Chemist: 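The following block contains the structure, expressed as structure tokens.
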Amino acid sequence: MALKATIFKARLQVADMDRDYYGEHQLTLARHPSETDERMMVRLLAFAHNAADGLEFTRGLSSDDEADLWLRNLSGEIDLWVEVGLPAEERLRKASGRAARVLVYSYGRRTAPIWWQKQRDALARFDNLRVYHLPADACEQIAAMAARNMELNVTIQDGQLWLSSDTQSVEVTPEIWK
């Protein structure tokens, strides 16, 4: 018997002073059986960092040809493709060809620096690609905030993100690798 995704609900208030974006989003996140709380919460953080009307979660781990998040324009073209984790160069090459902008949110205390060292030269040629690395301590703290029903506030200013619930607050400063 196949395992089913676990459903999480999040009410996300975003105040992005860097982009002058302010909005509330009622989100449903399906956590794949192989996905950790940390990865799911990094997906949620990536959503907040790029919040916009029309930005949506895709089938993610359940699909080889979809991003973790994307934003499509009215003609169906992909304006923004967001990957979470340590994607292969081939996957990012395809994404760069399909989308106007591609973002990667890498995380992992030991694995991400090794991945970046191996991929840096190959990824340098993609002009529409940006790679962020999230600090391991912050990712562990936001993973601890995962709950089946979440009410979260995100404030973004000067490239820093503050994610808070009613009991906890975490500061995340993404490092720009590319």
Side-chain angles (χ1 to χ4, degrees), residues 10 12-21 23 25 27 29 31 35-52 54-58 60-61 66-72 78-146 152-164 169-178:
L12 185 65
Q13 295 271 355
V14 178
D16 187 340
M17 289 171 253
D18 291 347
R19 296 184 301 136
D20 278 338
Y21 177 85
H25 299 271
L27 303 172
L29 292 96
R31 190 182 73 199
E35 186 175 35
T36 63
D37 283 344
E38 182 177 32
R39 186 179 192 285
M40 180 189 69
M41 293 301 286
V42 170
R43 280 195 299 136
L44 185 61
L45 189 72
F47 184 97
H49 197 220
N50 298 283
L55 182 64
E56 62 185 359
F57 293 104
T58 66
L61 290 175
E66 291 185 3
D68 289 307
L69 295 161
W70 62 22
L71 177 64
R72 292 177 171 264
I78 303 169
D79 286 337
L80 177 63
W81 180 292
V82 179
E83 289 285 330
V84 171
L86 310 173
E89 183 272 337
E90 178 183 339
R91 183 168 175 81
L92 293 175
R93 181 174 9 100
K94 288 179 183 177
S96 292
R98 292 180 63 191
R101 290 186 317 134
V102 178
L103 302 178
V104 174
Y105 288 84
S106 70
Y107 65 97
R109 189 173 305 277
R110 291 183 282 286
T111 55
I114 294 168
W115 169 83
W116 180 241
Q117 187 177 18
K118 290 180 179 179
Q119 299 294 334
R120 178 180 33 221
D121 293 339
L123 299 180
R125 67 178 191 234
F126 303 123
D127 294 331
N128 61 341
L129 172 67
R130 174 165 262 184
V131 178
Y132 294 101
H133 176 67
L134 303 175
D137 292 338
C139 289
E140 290 165 6
Q141 290 174 18
I142 65 172
M145 297 172 80
L152 301 170
N153 296 304
V154 178
T155 303
I156 303 168
Q157 185 175 15
D158 298 329
Q160 294 182 316
L161 294 90
W162 290 272
L163 179 68
S164 62
S169 182
V170 178
E171 180 181 340
V172 182
T173 304
E175 186 180 334
I176 299 172
W177 281 355
K178 179 185 178 327

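If you read the sequence from its start, that first residue is 1, and numbering goes on from there. Quick caveat, the model's predicted, so the values are computed rather than measured.
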Chemist: Do Val104 and Trp115 come within less than 4.5 Å of each other through their side chains, counting heavy atoms only?
Modeler: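 SC-SC contact between Val104 and Trp115 confirmed.
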
Chemist: Who are the side chain to side chain donor-acceptor pair (under 3.5 Å) partners of Asn50, not counting sequence neighbours?
Modeler: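 Asn50 satisfies side chain to side chain donor-acceptor pair (under 3.5 Å) with Tyr105 once adjacent residues are dropped.
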
Chemist: First locate atom CG of Leu129, then atom CG of Leu92, and finally report the distance between them rounded to the nearest 0.5 Å.
Modeler: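 So the CG of Leu129 and the CG of Leu92 are separated by 6.0 Å.
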
Chemist: State, with a plain yes or no, whether a side-chain heavy atom of Phe126 is found less than 4.5 Å away from one of Val102.
Modeler: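 Counting from C-beta outward, Phe126 and Val102 never come under 4.5 Å.
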
Chemist: Among residues at least two apart in sequence or on other chains, which ones pass side-chain contact (heavy atoms from CB on, under 4.5 Å) with Gln117?
Modeler: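 Here the qualifying residues are Arg120.
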
Chemist: Any donor and acceptor pair, going by atom type alone, linking the side chain of Arg19 with main-chain N or O of Ile156 inside 3.5 Å?
Modeler: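 Checked: no pair found.
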
Chemist: What residue among His133, Gln119, Glu175 forms side-chain hydrogen bond (donor to acceptor under 3.5 Å, both in side chains) with Ser106?
Modeler: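 Of the listed residues His133, Gln119, Glu175, the side-chain hydrogen bond (donor to acceptor under 3.5 Å, both in side chains) partner of Ser106 is His133.
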
Chemist: Yes or no on side-chain hydrogen bond (donor to acceptor under 3.5 Å, both in side chains) for Glu83 and Trp81, after CA distance, side-chain angles and deciding distance?
Modeler: CA-CA 7 Å; Glu83 289 285 330; Trp81 180 292; 2.7 Å; yes

Chemist: If you round to the nearest 0.5 Å, how far is OG of Ser169 from CD of Gln141?
Modeler: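 Atom-to-atom, Gln141:CD and Ser169:OG are 9.0 Å apart.
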
Chemist: Side-chain contact test, heavy atoms from C-beta onward, threshold under 4.5 Å: evaluate it for Val82 versus Phe47 and give yes or no.
Modeler: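 No, too far: nothing below the 4.5 Å cut-off.
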
Chemist: Rounded to the nearest 0.5 Å, what separates atom CG in Leu161 from atom CD in Glu171?
Modeler: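 Rounded to the nearest 0.5 Å, the CG-CD separation comes to 9.5 Å.
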
Chemist: Atom CZ of Phe57 and atom CG of Leu27: how far apart are they, to the nearest 0.5 Å?
Modeler: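 Here the interatomic distance stands at 5.0 Å.
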
Chemist: Step by step, work out the side chain to side chain contact (heavy atoms under 4.5 Å, CB included) result for Met41 and Leu152.
Modeler: CA-CA 11 Å; Met41 293 301 286; Leu152 301 170; 4.2 Å; yes

Chemist: Looking at every heavy atom in both Ala138 and Val170, which two are closest together, and how far apart are they?
Modeler: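 Minimum heavy-atom separation between Ala138 and Val170: O-CG1, 3.9 Å.
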
Chemist: Could you check if a side-chain atom of Lys94 sits within less than 4.5 angstrom of a side-chain atom of Arg91, using non-hydrogen atoms only?
Modeler: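 Answer no - side chains too far apart.
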
Chemist: If you take all heavy atoms of Val14 and Ala48, which pair is closest and at what distance?
Modeler: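 It is CG1-O, 3.8 Å.
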
Chemist: Quick check on side chain to side chain contact (heavy atoms under 4.5 Å, CB included): which of Asp68, Leu69, Leu80, Val84 does Leu103 satisfy it with?
Modeler: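 Option passing the side chain to side chain contact (heavy atoms under 4.5 Å, CB included) with Leu103: Leu80.
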
Chemist: Would you sort out whether Asp79 and Arg101 count as a side chain to side chain contact (heavy atoms under 4.5 Å, CB included), showing the intermediate values?
Modeler: CA-CA 6 Å; Asp79 286 337; Arg101 290 186 317 134; over 6 Å; no

Chemist: Any chance you could lay out the side chain to side chain contact (heavy atoms under 4.5 Å, CB included) test for Arg31 and Asp37, step after step, and finish with the verdict?
Modeler: CA-CA 8 Å; Arg31 190 182 73 199; Asp37 283 344; 2.4 Å; yes

Chemist: Please find the pair of heavy atoms, one from Asn128 and one from Ala100, that lie closest to each other, and give the distance.
Modeler: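 Between these two residues, the closest heavy atoms are CB-O, 3.1 Å.
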
Chemist: Should the heavy atoms of other residues, nucleotides or ligands under 6.0 Å from CZ of Arg125 be counted, would the total exceed 12?
Modeler: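 Counting other residues, nucleotides and ligands, CZ of Arg125 exceeds 12 neighbours.
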
Chemist: Where do Leu163 and Val172 land on the side chain to side chain contact (heavy atoms under 4.5 Å, CB included) test, with the steps shown first?
Modeler: CA-CA 8 Å; Leu163 179 68; Val172 182; 5.5 Å; no

Chemist: What are the two closest heavy atoms between Ala51 and Tyr21, and how far apart are they?
Modeler: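 Here Ala51 and Tyr21 meet closest at CB-CE2, 3.5 Å.
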
Chemist: Grab the two heavy atoms, one from Ala122 and one from Glu89, that are nearest each other, plus how far apart they are.
Modeler: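 Scanning both residues completely, I find the closest heavy atoms to be CB-CG, 3.7 Å.
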
Chemist: Take atom NZ of Lys118 as the centre, draw a 6.0 Å sphere, and report whether it contains more than 12 heavy atoms from other residues, nucleotides or ligands.
Modeler: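 Counting other residues, nucleotides and ligands, NZ of Lys118 stays at 12 neighbours or fewer.
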
Chemist: Testing the basics here: between Tyr132 and Pro174, what is the closest heavy-atom pair and its distance to 0.1 Å?
Modeler: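 Shortest heavy-atom separation between Tyr132 and Pro174 comes out as CD2-CB, 3.8 Å.
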
Chemist: Rounded to the nearest 0.5 Å, what separates atom CH2 in Trp116 from atom CG in Asp121?
Modeler: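 That separation rounds to 9.0 Å.
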
Chemist: To the nearest 0.5 angstrom, please state how far the CG atom of Leu12 sits from the CG atom of Leu45.
Modeler: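 Taking CG in Leu12 and CG in Leu45, the distance rounds to 9.0 Å.
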
